[in-house]
Amino acid sequence: AGWVEELSWSPSGEWLAVGAGRVVHLWHRERGWVHRIADHPSTVSGFAWRADSKVLAAAAYGGVQLYDVTTAQLLGELPWKTSMVSLAWSADSKWVVAGTQELAIQVWPYPFQTGQELAMSGYAAKVRELAWHHSGRYLATGGYEGLRAALAKSPSEVADEVKNSTLLGRGGAGFPAGTKWGFTPQGVWPRYLVVNGDESEPGTYKDRLLMECDPHQLIEGCLIASYA
């Protein structure tokens with residue numbers, strides 16, 4: 001019916017969703033072609049599968065449509081006023097998030113009710129890739145153990161431990177982290193922690209990778225530094 005622009009396997013590997021123009025085709029690994037959903041409002045621009053592989057989200061101009069893949073029944077629509085360019089479910093299947101044509105991220109809870117959507121704007125370009133991070137893997141590999149250990153001590157003890165460890169900054173200058181923490185005026189409140197994600201250091205181009213690939217490590221570091 002048109003150019004094949006989107007392809008997506010379900011997490012179970014049973015289903016293949018094919019987007020061709022305004023048509024969504026659903027293929028089963030063993031049964032072959034099963035459904036042709038031809039009433040999509042515009043060209044399909046992205047797919048996202050719920051974790052159980054039973055619900056498919058299809059993005060296009062005007063929002064996202066949710067389908068039961070076994071019956072091709074339309075389960076609901078997540079409205080938005082412009083085109084979607086990327087789409088993802090959260091790991092717990094409670095949220096659907098889309099990157100939009102207007103340089104923003106749109107988030108809906110599932111099941112959806114009118115007025116519950118959230119919008120995050122201010123991006124400098126179209127959001128073409130989306131991924132959800134969850135803490136399970138980080139916790140399983142010792143994540144947040146450093147925070148637990150820090151909270152068992154006083155803030156001054158944590159600061160002294162970091163200073164004695166000779167932990168250095170990774171921005172290029174190698175300035176001692178504990179010494180920098182010591183510059184905070186005593187007894188002055190409120191205090192604010194600023195995370196500098198700048199990539200101006202040509203020899204240590206790493207901030208983007210840390211924030212995208214291991215965000216909980218950054219969060220844990222922020223919490224320990226704030227406590228100290």
Side-chain angles (χ1 to χ4, degrees), residues 1-137 212-213 215:
W3 291 104
V4 175
E5 300 184 19
E6 294 293 331
L7 291 168
S8 179
W9 281 100
S10 66
S12 66
E14 290 183 275
W15 294 92
L16 174 66
V18 180
R22 296 174 55 189
V23 179
V24 177
H25 295 270
L26 291 172
W27 294 76
H28 191 271
R29 183 180 58 195
E30 296 177 354
R31 303 201 302 268
W33 180 82
V34 178
H35 299 298
R36 181 180 186 272
I37 304 168
D39 60 349
H40 215 269
S42 63
T43 300
V44 177
S45 57
F47 291 126
W49 290 89
R50 201 171 69 180
D52 60 6
S53 299
K54 295 181 179 179
V55 177
L56 174 69
Y61 184 89
V64 179
Q65 291 188 317
L66 304 174
Y67 299 101
D68 181 321
V69 296
T70 58
T71 65
Q73 178 185 358
L74 178 65
L75 299 177
E77 296 184 77
L78 310 177
W80 193 241
K81 55 191 175 183
T82 59
S83 292
M84 305 294 174
V85 293
S86 52
L87 192 62
W89 280 88
S90 64
D92 60 6
S93 300
K94 294 182 178 179
W95 299 89
V96 179
V97 59
T100 73
Q101 189 81 14
E102 59 181 14
L103 317 184
I105 291 177
Q106 184 72 15
V107 185
W108 299 272
Y110 182 79
F112 171 72
Q113 293 182 7
T114 302
Q116 292 183 325
E117 63 270 19
L118 305 171
M120 295 173 279
S121 60
Y123 295 90
K126 298 175 185 177
V127 182
R128 297 190 178 279
E129 294 294 335
L130 290 166
W132 285 85
H133 288 278
H134 57 88
S135 60
R137 183 175 61 180
E212 289 183 356
C213 300

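Just so it is clear, the structure is predicted and the values come from calculations on it, not from any experiment.
L87 approaches A98 most closely through the heavy-atom pair CD1-CB, 3.8 Å. When every heavy atom of R50 is checked against every heavy atom of P11, the shortest pair comes out as O-CG, 3.8 Å. Nearest heavy atoms, Y67 versus A72: CD2-O, 3.9 Å. Of all heavy-atom pairs between W49 and A17, the closest is CZ2-CB, 3.8 Å.
Rounding to the nearest 0.5 Å places CD of E77 at 4.5 Å from CD of Q65. To the nearest 0.5 angstrom, L7 atom CG is 11.0 Å from H25 atom NE2. Between atom CH2 of residue W9 and atom CZ of residue F47 there is a gap of 13.0 Å, rounded to the nearest 0.5 Å. Between the OH atom of Y110 and the OG atom of S90 there is a distance of 11.5 Å, given to the nearest 0.5 Å. Here the CG atom belonging to L56 is positioned 11.0 Å from the NE2 atom belonging to H35, to the nearest 0.5 angstrom.
Between the W89 side chain and the A48 main chain, a donor and an acceptor come within less than 3.5 Å of each other.
Residues W108 and L66 form no side-chain contact, since every pair of their non-hydrogen atoms from C-beta on lies 4.5 Å or further apart. For the pair T70 and K54, the minimum side-chain heavy-atom distance is 4.5 Å or more.
Judged by distance alone, the side chains of W15 and S53 never bring a donor and an acceptor atom under 3.5 Å apart.
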